[in-house]
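Encoded as structure tokens, the structure appears first; notes follow it.
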Amino acid sequence: MLIKTQAAIKESAVTDYALYQRRRDFLKIAGVALTGTVLPSIAPAGLQLPGYQPDPDSALKNQLTEAIKVTSYNNFYELGTGKDDPLKNAAKLKTEPWAITVEGECERPGVLAIEDLLAKFDLQERIYRLRCVEAWSMVIPWIGIELGQVLKRFQPTSKAKYVEFVTLMDPDNLPGQRRAVLDWPYREGLRMDEAMHPLSLLAVGLYGEVLPNQNGAPVRLVVPWKYGFKSIKSIVAIRFHEQQPATSWNVSAPREYGFYANVNPLVDHPRWSQARERKIGHLRKTQTLMFNGYAEQVAELYAGMDLRRQF
Ligand SMILES: Nc1nc2c(c(=O)[nH]1)N[C@H]1C(S)=C(S)[C@@H](COP(=O)(O)O)O[C@H]1N2
Ligand SMILES: [Mo]
């Protein structure tokens, strides 16, 4: 791992996609290994990202949140409840070795090592807005694999109506898990059609680099039309279910955090409005968009549902 200098940290503070792209091209030409050179963060030392398809056409490419904010203002309760705790405690997350157990309602249950995930699936860059339930948002160039492509390999049966995701349980190392802030391990879930939707991503990197620990290394979910808490970090298990699985936030405060958690400016959180949000790095608040701006792609998944009741 390279030691980051102040200069390297400043250089990472790019907001403009073209600048980010030019810097990457320059590093490639200069033959610099990209991993660990740009982000001011603790990234797993051993992992390397193979080439990926960049996403220069995204309508969000000129709205990227600064890399330094993406990697230093986080929600990752296993590493502490303060926004700056995950970066401070990042080294406490042990990511090597890492594998995901896939089980439940599928023909071919198995264990997927992170190295195999990187070697066997096509990596893509996807610029997505992530909207936290706390009414702030970021725009992040993720690198990952379509979740559906991975799930298909395990051949879910016709009984598989839902899929559950589980975060690493390691209270000896993860300070947050020694306190009962949440029902550990962190668990999340999706309906099968949501999981198979091409927008759903298993992310392994961001800003051209291996995922930093504080952002959920080595592999996390990104479901851009749902509140951030659905995008579970540091996944060790995926389970197919016939029934809707229990999820950590829904168990801890069912009136505040529903199973669906679709971004919806018309349905307020019991303690605050969801109509507006603060883009991190901006002063003025902006209007929150239905399904976080992805309505055209995903609204049909919820046709006929009462989104006030099934929030
Ligand atoms: N395991 C785990 N996953 C998690 C969380 C968490 O505390 N633990 N926080 C969630 C919340 S509330 C948000 S907003 C996003 C934040 O992702 P980021 O820190 O990469 O921006 O991660 C989500 N995934
Ligand atoms: Mo969140």
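Counting starts at 1 for both ligands and their atoms, following the listed order. It should be emphasised that the depicted structure is a prediction, and the values quoted were computed from it without experimental measurement.
- With respect to Tyr302, the side chain to side chain donor-acceptor pair (under 3.5 Å) criterion is satisfied by exactly one of Glu194, Gln310, Arg191: Glu194.
- Counting protein heavy atoms only, atom 6 (C) of ligand 1 is closest to Tyr186 CE1, 3.2 Å.
- Here the shortest heavy-atom distance to atom 16 (C) of ligand 1, taken over Asn215, Asn75, Val222, belongs to Asn75.
- With contacts defined as side-chain heavy-atom distances shorter than 4.5 Å, the pair Gln244/Tyr162 qualifies.
- For Trp249 and Tyr257, the ring centers sit closer than 6.0 Å to each other.
- Between Tyr73 and ligand 1, a contact under 3.5 Å exists for no N or O pair.
- Proximity of Tyr77 to ligand 1, defined as any heavy-atom pair under 4.0 Å, is shared by backbone and side chain alike.
- For ligand 1, the atoms closer than 4.0 angstrom to any heavy atom of Ser231 are 22 (O), 23 (C), 24 (N).
- Summary of contacts: the protein heavy atom closest to atom 15 (C) of ligand 1 is Gly228 O, 3.6 Å.
- The pair Arg239-Glu103 counts as a salt bridge, with a side-chain nitrogen and a carboxylate oxygen less than 4.0 angstrom apart.
- In the vicinity of Glu78, heavy-atom distances shorter than 4.0 Å reach the ligand 1 atoms 1 (N), 2 (C), 6 (C), 7 (O), 8 (N).
- A heavy-atom separation below 4.0 Å is found between Arg220 and ligand 1.
- Atom CD of Gln155 has more than 12 heavy atoms from other residues, nucleotides or ligands within 6.0 Å.
- For ligand 1 and Thr167, the ligand atoms under 4.0 Å from any heavy atom of the residue are 1 (N).
- Proximity of the aromatic rings of Tyr73 and Trp136 is defined here by a centroid distance below 6.0 angstrom, and this criterion is met.
- Proximity to Leu130 (heavy-atom distance under 4.0 Å) selects the following atoms of ligand 1: 17 (O), 21 (O).
- Residue Cys132 approaches ligand 1 through these ligand atoms, each under 4.0 Å from one of its heavy atoms: 14 (S).
- Counting the atoms of ligand 1 from 1 in the order shown, those under 4.0 Å from a heavy atom of Ile232 are 3 (N), 24 (N).
- Ranking the protein heavy atoms by distance from atom 3 (N) of ligand 1 puts Lys233 N, 3.1 Å first.
- Under 4.0 Å is where a charged nitrogen must lie from a carboxylate oxygen, and between Arg187 and Asp183 at least one such pair does.
- Here Glu146 pairs with Arg126 in a salt bridge; the nearest charged N to carboxylate O distance falls below 4.0 Å.
- Between Arg131 and Glu277 there is a salt bridge, since a side-chain N of the basic residue sits under 4.0 Å from a carboxylate O of the acidic one.
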